[in-house]
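Read the structure below first, then the notes.
Bear in mind the structure is a predicted one, so any value in this text is a computation, not a measurement. Ligands are counted one by one from 1 in listed order, and the atoms in each one are counted from 1 as well.
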Amino acid sequence: MNLSSFRERFGGEVILPGDADYDQARIVWNAIADRRPALVVRPISVEDVIAAIRFAREEHMVVAVRVGAHSVAGFSTCDYGVVRDLSRMRQVTVDPVKRRARAQGGAHLSQLDTAAQAHGLVCPVGVVGHTGVAGLTLGGGMGRLQRKLGLTVDNLVSVDLVTAEGERIHASESEDPDLFWGMRGAGANFGVATSFEFRLHPMDGTIFQGGVAFPIERSLEVAEHVREFIATHDDVHVALAFMKDEELGGQPVFVVGSTHAGSVDDAERDLRVFRELRPLWDTFGAKPYLEVQRMADVSSGWGQRFYTKAGFLAALTDGVVGLCAALAQTIPLGAELSLWAHGGAVGRVPDDAMAYTGRHAPFNISAELGWTNPSDDEQRIAWGRAAIAKVKPFMTTGQYVNDVVEAGTDGAQIYGQAKYERLVALKRKYDPDNFFRLNQNIKP
Ligand SMILES: Cc1cc2nc3c(=O)[nH]c(=O)nc-3n(C[C@H](O)[C@H](O)[C@H](O)COP(=O)(O)OP(=O)(O)OC[C@H]3O[C@@H](n4cnc5c(N)ncnc54)[C@H](O)[C@@H]3O)c2cc1C
């Protein structure tokens, strides 16, 4: 490995096995993905990103691109190869007049949230602050504001990337529109995104958020209200969970969570329908938006072992609610079946507008399991797989790529056949050697 000539071309940090911070630098969010790269590089400029791509190509090394390191599959690390960690490129700037944010490729959601809120603005992003803007956006970006403001990717105006050839491209609806189409849903396949431009929306700093829990036996009765609510409030976020409540001694519960971005009075009025159903607990209230965006940062912290499996539901029928309620009887503590409503702004975008697939399904459902003891790996993963296999008859086309953990999943399952073929053509054009392959890979 010709490191000395690389160091001359590279302005950032290079961390090697044996260096004091190597073990810290190599780990990722999911402790299951415990790998040992040959080096970790931390570029500080686009020129560094280009130099690191050239170096990996010269050395025939595989490259893992990392921002938030949240890839549950462990795509942002590797054995023997190069981890390109963008953590030193995290600047976010906001133009309050144009209502635009520009986030460097290594920014986290918390930095985008904070910078936008400093001007009374917001970009809809995910629910854990230390998730990378890049990985989230390039796959789609679901979150608490999605029914009101769309997915993160629906608010992406342009993206700058460096290709496998070291070429810089600015992609938008008007420049390289085909590539821009593919970047929005399959973006980890085409290059290293070094900067994102987002549309922002006005939002004061307060939001109404929380949830109510019911004994699992009441799931069907409560689901009736959920269906009615979703049909009549298409800008309010609804997140359902089937789980065991540790504080209630492991009792299986059905949780209706929501984030209402209207006025507090409207939220109180709209969400009363659930709060009046005599729940076991009720955490609804007006809260600072930034606090809500950070509230899962510790419980979703680094170091746990994690598995997820997901798909899109065709409808929230009594059949699927009954099945989820039955699964809650055997679900491990700390796990949940999580259902997020689509519709609203998500459903108003045509499905073929971009690579992201599945937006017209009414719900995304995911089995999410976190644990700490490696000896539980097999049992937890088996539970998640079996649960989603049972839900499969209720599912429809597509899968959210950021929830796909099994490497080698058929791309046509994620994007549908027609979009997959279009993505293969793009991959052949922009990355014919499949240099960027640590992702849900589109094979050229
Ligand atoms: C705790 C937690 C909470 C989550 N919450 C949400 C949520 O609310 N909404 C949601 O939609 N999803 C959520 N996810 C899923 C998340 O969006 C994906 O895991 C996403 O890929 C993470 O991006 P990252 O940058 O943090 O991860 P990384 O592991 O750093 O990267 C993930 C993938 O993106 C690629 N990538 C990263 N940066 C770049 C770049 N600059 N250019 C090109 N490719 C790049 C990597 O190569 C890798 O394939 C969550 C995941 C976790 C673990």
Going by heavy-atom distance to [atom], choose the closest among [options].
atom	options	answer
atom 22 (C) of ligand 1	Arg66, His70, Met142	His70
atom 33 (C) of ligand 1	Gly135, Gly139, Ala296	Gly135
atom 40 (C) of ligand 1	Ser366, Ala193, Ser76	Ala193
atom 13 (C) of ligand 1	Leu136, Asp403, Asn402	Leu136

Identify, with sequence neighbours excluded, every residue that meets side-chain contact (heavy atoms from CB on, under 4.5 Å) alongside Arg90. Ser87, His108, Gln111
Does any part of the side chain of Phe196, heavy atoms only, come nearer than 4.5 Å to the side chain of Arg102, both counted from C-beta? no
Using distance alone, with no hydrogens and no angle criterion, decide if Trp281 and Asp245 have a side-chain donor and acceptor under 3.5 Å apart.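 Yes - a donor-acceptor pair under 3.5 Å links their side chains.
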Donor on one side chain, acceptor on other, His360 and Asp351, under 3.5 Å: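 The criterion, which ignores hydrogens and geometry beyond distance, is not satisfied for Asp351 and His360.
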So which protein heavy atom does [atom] come closest to, and at what separation?
atom	value
atom 35 (C) of ligand 1	Ala188 CB, 3.7 Å
atom 3 (C) of ligand 1	Val128 CG2, 3.7 Å
atom 1 (C) of ligand 1	Trp29 CZ2, 3.6 Å
atom 25 (O) of ligand 1	Gly68 N, 3.1 Å

Could you point out which residue of Arg359, Arg348, Lys148, Arg147 forms a salt bridge (Lys or Arg N to Asp or Glu O under 4.0 Å) with Asp154? Arg359
Should you measure from each heavy atom of Gly132, which atoms of ligand 1 turn up under 4.0 Å away?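 Ligand 1 atoms under the 4.0 Å threshold to Gly132: 23 (O), 24 (P), 25 (O), 26 (O).
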